[in-house]
Amino acid sequence: MIRHAIAEGLVVLRERAAVSVILALVLGVPISLAGVGLTLHQWLGPVAGLSGQKSSVAVLLHPQMEGSERRRWIAELASDHPDWVVSEVSSSDLAERLQRWFPYLKDLMDSGDATLPPLLEILTDNPESVTELEDRAEVLAIGPRSSIQQTLGQVARRLALIVGVVSFVLLAGAVLLAAVWVHLELYRHADEVTIMRLVGATEGTIRGPFLVAVAIPGVVAGILSVVGSLATVSGLSKLSSALGLSAMSIPPSILVLQLATSVFLPLLAAVITLARHAADATEN
Amino acid sequence: MIRLRSVSKEYERRTILDALDLQVDAGEFVFLTGPSGAGKTTLLRMLYAAEHPTEGEVWVAGRRIDEMVRAQLPLLRRKIGVIFQDFKLLRRKTVLENITFVLRIHGIAPREAHRRAMKVLRRLGLQHRQAAFPDALSGGEQQRVAIARALAYQPRLILADEPTGNLDADLASELLSLLCDINYQGATVLVATHDHAILESIPARTLVLHQGQIHYDGMWPP
């Protein structure tokens, strides 16, 4: 009966070649997009410090704080926040760091009239948490709390979310298309299905051709999605290399996942539709 | 082989079969007759589980089929050869494929299925039409293909719904002798017909169905 399923499935495909091509495309494109999205997410992870990497936040202290008082305050700060790595910027680096973190102090520093205020750098997983120091009398100002890594990380997360949502919506549409296609084909072959049931064919024999007819566009979609992902990532990799960033490549696990999803999703849609049809079937 | 106990069937408050009791033993040849709308086709459909009774029990080949779940039906139907009134041939398959397909779903190997199909086609004088599609056949030829398909796997029970409806007198007679041959080989045969000429051609048990009840059960003519 496997031969029968394949032969009849190919007949269904031949009769509905245009729909088969559309199904392969609407499955292949979002799966390819999802594959690229996952690859980007994995690639941006270490680059953007999505996890594990700490961000540095500058804290400008009151210039009139005495050295002993400052050291005691820093020690208290470190003990109150064990997750922070607090360090005082040395006087040799002070001017350069002040310009980096607080560019609006440039005029003051250029005039050379004022004593440069002491500067702390706090290394933390959560730069926003440093905001709590704003109300402290010892603190004059707090530098930007969103590091470039953090910004890149947020961009990466948003990008992954957008790609994920778009892929999901497109995939849901593709699965719906597969289900509707099987549904329409079942109605087109309703007489044959009824006859097959009446002469003793099992549901497996009846469903086989429809599953084959859906699985083949799924395989084509899988190949399309893999080729599409490889081409897109290759292009992005060239771009990242030109920008001096590390090269990008698709992990084999993502390619396997793409192939499996391309075949599994339309098959799942077909199985559900066929089961519903069998439950509603009458034999007239 | 067939046993019906108080079987009733209603469609939209209209009684088709009314508390019917019937027993057909293995190896019997039985005619089922009656006017149009008497319930002949409904009764046959119940015997291959295409209909379920509103009330009562339907037993075929020792199994109560009105309580069977869908997954059990294919095995039951493989024991029954049904000759449908409207032929029910697969339009996209050739004459030969219509027969080999049924043999294949019975688990018969392709070569053996081909051999058996050709044998039954020769028997029904259809070997020269083996490559034709049903739509290219006359009504009589389609009827013979439907018969060939039902006979090909040598079922224990043959249900025929107006099998001679599209055949001329010679072919109808030939078909009946074929059904008799199969019956002599041990199969139970139940033929629904309203053609009195057929009833008179073979001395056999005859059931007359009228308004959903069996009005006569015995040899024909009474």
Side-chain angles (χ1 to χ4, degrees), chain A residues 1-20 181-214 216 270-284, chain B residues 11 41-42 44-52 61 68-93 97-110 113 134-135 142 145-146 148-153 155-157 159 161:
Chain A
M1 282 296 111
I2 291 172
R3 258 176 26 189
H4 167 260
I6 293 170
E8 292 295 313
L10 289 173
V11 170
V12 173
L13 274 183
R14 264 204 307 274
E15 288 172 349
R16 291 286 178 270
V19 181
S20 309
W181 183 42
V182 171
H183 189 66
L184 291 176
E185 285 303 310
L186 275 168
Y187 272 95
R188 205 165 68 83
H189 293 91
D191 286 348
E192 283 172 64
V193 169
T194 302
I195 294 167
M196 286 167 78
R197 283 204 179 102
L198 289 174
V199 296
T202 58
E203 285 303 314
T205 306
I206 293 166
R207 293 174 194 188
F210 297 102
L211 295 178
V212 169
V214 164
I216 291 174
V271 165
I272 292 170
T273 308
L274 287 164
R276 287 184 58 192
H277 181 269
D280 296 341
T282 53
E283 287 155 358
N284 291 312
Chain B
Y11 281 122
T41 299
T42 304
L44 287 189
R45 284 171 58 78
M46 268 185 198
L47 296 178
Y48 55 85
E51 296 274 2
H52 288 279
M68 271 186 179
V69 294
R70 185 177 288 274
Q72 295 173 310
L73 295 181
L75 286 176
L76 167 82
R77 288 172 178 162
R78 289 175 197 181
K79 291 176 185 167
I80 305 172
V82 185
I83 301 166
F84 299 98
Q85 195 171 6
D86 55 352
F87 322 133
K88 294 205 187 298
L89 299 176
L90 296 165
R91 302 277 149 212
R92 292 186 304 112
K93 288 188 186 292
E97 287 167 346
N98 260 281
I99 299 163
T100 53
F101 170 73
V102 177
L103 292 168
R104 293 287 293 118
I105 63 174
H106 282 70
I108 295 165
D135 289 340
Q142 289 189 47
V145 176
R149 183 182 62 187
L151 303 183
Y153 52 92
R156 292 165 60 190
L157 171 64
L159 305 174
D161 194 1

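Residue numbers start from 1 in every chain, and the chains themselves are labelled A, B, ... in the order their sequence lines are given, proteins ahead of strands. Computed from a predicted model, the values in this text were never measured in an experiment. Heavy atoms only: backbone and side chains are in, while hydrogens, waters and symmetry mates are out.
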Please flag which part of B:Lys93 lies under 4.5 Å from any non-hydrogen atom of chain A: side chain, backbone, both or neither.
-> side chain
Turns out that what part of B:Val82 lies under 4.5 Å from chain A's heavy atoms comes down to neither
Kindly indicate whether the side chain of A:Ile195, heavy atoms from C-beta on, has any atom under 4.5 Å from the side chain of B:Arg149.
-> yes
Give, for atom CG of A:Leu198 and atom CG of B:Leu73, the distance between the pair rounded to the nearest 0.5 Å.
-> 10.0 Å
What do you reckon, is OH of A:Tyr187 surrounded by more than 12 foreign heavy atoms closer than 6.0 Å?
-> no
Is it the side chain or the backbone of B:Leu75 that comes within 4.5 Å of chain A heavy atoms, both, or neither?
-> neither
So does B:Arg92 pair up with A:Glu8, basic N to acidic O under 4.0 Å?
-> yes
Sort A:Thr205 into side chain, backbone, both or neither according to what part of it lies under 4.5 angstrom from a heavy atom of chain B.
-> side chain
Identify the two heavy atoms, one from B:Pro74 and one from A:Ala201, that lie closest to each other, and give their separation to 0.1 Å.
-> CG-O, 3.7 Å
Of all the heavy-atom pairs spanning B:His106 and A:Val199, show the shortest one and how long it is.
-> CE1-O, 3.8 Å
Check against side chain to side chain contact (heavy atoms under 4.5 Å, CB included), A:Thr202 and B:Arg78 = CA-CA 10 Å; A:Thr202 58; B:Arg78 289 175 197 181; 3.1 Å; yes
